[in-house]
Amino acid sequence: MPIKHRAAADLPHHLTSAAEAARASGCALTRREFLATASIYGASATTAWGMMGLAAPVMAQATPRMGGTARVQGVLRAMKDPLAFDFNMLANFGRGWLEYLVFYNSDGTFSPMLLDSWEISQDATRYTLRLREGVTWNNGDPFTAADVAFNIRRMCDSTIEGNSMAGRLAALMADGQAREDAIQAVDDLTVVLVLSQPDIAVIPNLADYQAAIVHPSFDASTMLDNPIGTGPYLPTAYEVGLRAVLERNTTHTWWNEGNGAWLDRIEFIDYGEDPIAWVAAAEADEIDLIYALEGDYVDVFGAFEDWRVEEVSTAATIVIRPNALAEVGGARPYADARVRRALALAVDNQVILDVGQSGQGIVAENHHVAPVHPEYSPMPPISRDPAAARALMEEAGMADYEHELISLDAGFMRDSADACAAQLRDAGIPVLRTIIPSSTFWNNWSGYPFSTTIWNHRPLAVQTFAVAYVSGGSWNETGIANPEMDAIVAEALTIPDVEARRALMRRAQAIMQEEGILIQPYWRSLYNAQKDGLRGGEIHVSQVIDPRVLYWVA
């Protein structure tokens, strides 16, 4: 059946003026902001572009060849409940059989997947989700609104260990669970969400990689042995640190038959974190797609005759953050804002970008709101001031304290931390560098006192703030507990109008800088590479590799 979308006349009134502003500005960023907001409210790309008086771009597609195998490089960690996914490659493998209600596109828009369409009330307190007809689980059960209601209730269950979705769906919750009246399956194909307060991030959150839709019988401990899903592939092997395999499910008719699932087999192969091994694998013709490239290796793969390298600008980033709650020797050295501000003042973010990321990105401003986010406001330039940094450390009684900066052992995380540490030492701040292998680094990533972390691109900055920079946030690795920030994020989630939300988030950006919450040096340009004859693995703004759309050209 054709996908249904809301017509321009049915969309909230504030989008009409936003469309006019985007059309008048002629600015690509302003257009992106409008496209993202309009699609959150259920507008198709065609409708959204039409509201700006423009035609939607049409992407050329090669003719797929049925069959074959694609071999994908990627780090393979222990599989876990999708609600606890904390690494993209877990989701990329799971996408073979676990699908999503909504898909986030690199142009900032959202497309229905297991949904057919959705509608949002003018005040963003009521969502009507309409399911796609004819979808079945691979065990033969029909896919119904009851299944969607089950999944969203599960996403709201704060007792599930590592569940980051619960912190993002607070408007559906009470006492750590979904409210009884919040999620209503009104018929087999319709679910209504009744929010306790407006929240414009529900659709973006349902597109995030933790929101995979599972069968009501789901058990995380058997998800690989009993892989019930709606997608076209099945997992047939999963060896942590080595390899994982998806094979086409020949006993199940996929709902999107003829528009994907072209391959017979997809192998995910773990060559470790060192790109030298990836180069060797490519030269030996052992691999067809490299998940992510950085630094000099972008040029190395660009020089291969039968490979192509692709780039996208994103809100993906690295943060170098002190943890205000972490104890070292019985004290909390980073609970003092003067210490945190001193660390930020002692470094030049441009230097970290140049050294750590080979200049492949843009300088950031220590507040985790990207220029590609609708909420972004430019801030005054940040200047390195070693003298002011030393003065703050002395004032805090920490002039002689040795800071242990922890990072992963490979790539831009190590190099960025090295560049940061060198500048801190140059400013007279003692630093010990500790490098932890990737096999163990992520076991305690949120608990380190002072370390680096990578963050994926998300459509809205307020999505990241809701899990990372509010009191008790599920991924709050900085230990920030600022009542004003909590109130800003809560209110920003209720504001559909982009300009009004941007004004509010500007204050959040300022708090991040004033409190020295983190050193956030740059926004990453992401790169990947795939064989010339392979399609569907083009670089995605959120580093999605969707097994369903990979194919070899006919």
Side-chain angles (χ1 to χ4, degrees), residues 59 61-62 64 68-77 79 82 85-100 102-107 111 113 207-212 227 229 231-238 240 242-248 254 256 259-273 275 278 281-282 286-294 297-298 301 307-312 314 316 411 454 456-458 524-553:
M59 297 295 292
Q61 184 177 16
T69 295
R71 301 161 299 176
V72 180
Q73 170 272 330
V75 175
L76 296 172
R77 299 180 188 162
M79 185 56 66
F85 280 173
D86 51 8
F87 188 58
N88 259 355
M89 193 53 72
L90 293 171
N92 287 338
F93 184 76
R95 288 175 191 275
W97 75 101
L98 297 177
E99 299 184 293
Y100 293 73
V102 181
F103 186 80
Y104 177 55
N105 304 298
S106 283
D107 66 0
S111 300
M113 188 179 289
D208 212 346
Y209 68 92
Q210 294 85 10
Y233 290 97
L234 289 175
T236 58
Y238 198 92
V240 175
L242 296 173
R243 62 190 284 274
V245 178
L246 294 171
E247 294 184 2
R248 188 192 294 121
W254 183 42
N256 203 26
N259 293 291
W262 290 287
L263 294 173
D264 295 324
R265 179 183 175 95
I266 303 162
E267 299 178 6
F268 293 78
I269 307 172
D270 191 339
Y271 289 94
E273 299 273 7
W278 312 346
E286 297 174 354
I287 203 77
D288 304 308
L289 194 159
I290 302 295
Y291 171 66
L293 290 172
E294 61 196 57
Y297 293 96
V298 173
F301 274 86
W307 285 73
R308 67 185 187 281
V309 172
E310 296 179 341
E311 173 188 3
V312 64
T314 75
I454 53 174
N456 290 330
H457 173 104
R458 283 182 172 79
R524 298 175 62 201
S525 289
L526 299 182
Y527 302 82
N528 79 348
Q530 60 184 331
K531 288 277 191 68
D532 280 338
L534 187 64
R535 296 289 187 275
E538 291 74 25
I539 188 70
H540 185 275
V541 70
S542 295
Q543 291 188 292
V544 170
I545 294 176
D546 188 346
R548 306 170 317 150
V549 300
L550 290 174
Y551 66 90
W552 290 103
V553 174

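With hydrogens and angles disregarded, no donor-acceptor distance shorter than 3.5 Å links the side chain of Y233 to the backbone of I266. Formation of a donor-acceptor pair under 3.5 Å by the T236 side chain with backbone atoms of E247 is not found in this model. Checked by atom type and distance alone, the side chain of R535 pairs as donor or acceptor with a backbone atom of D532 at under 3.5 Å. Here the side chain of E310 pairs no donor or acceptor atom with the backbone of N528 at under 3.5 angstrom.
Residues that satisfy the side-chain hydrogen bond (donor to acceptor under 3.5 Å, both in side chains) test with D270, not counting sequence neighbours, are absent from this structure. Under the ring-ring contact (aromatic ring centres under 6.0 Å, His included) criterion, W262 pairs with Y551, sequence neighbours left out. Looking at residues two or more places apart in sequence or on another chain, you find no side-chain hydrogen bond (donor to acceptor under 3.5 Å, both in side chains) involving Y238. Taking the side-chain hydrogen bond (donor to acceptor under 3.5 Å, both in side chains) definition, one finds that Q73 meets it with nothing, sequence neighbours left out. Partners of W97 according to the ring-ring contact (aromatic ring centres under 6.0 Å, His included) rule, which considers only residues two or more places apart in sequence or in another chain, are F93. E538 is linked by a side-chain hydrogen bond (donor to acceptor under 3.5 Å, both in side chains) to R308, Q530, counting only residues two or more places apart in sequence or in another chain.
Remark: aromatic rings of Y271 and W278 are distant, center separation not under 6.0 Å.
Atom OG of S542 and atom OH of Y209 lie 10.0 Å apart (nearest 0.5 Å).
Salt bridge annotation for R95-D546: absent, with no cationic side-chain nitrogen under 4.0 angstrom from a carboxylate oxygen. Contact check on E267 versus R71 returns no salt bridge, with no Lys/Arg side-chain nitrogen under 4.0 Å from an Asp/Glu carboxylate oxygen.
Ring-plane geometry between H540 and Y104 is classed as perpendicular, the angle between the planes exceeding 60 degrees on a 0 to 90 degree scale with a lower cut at 30.
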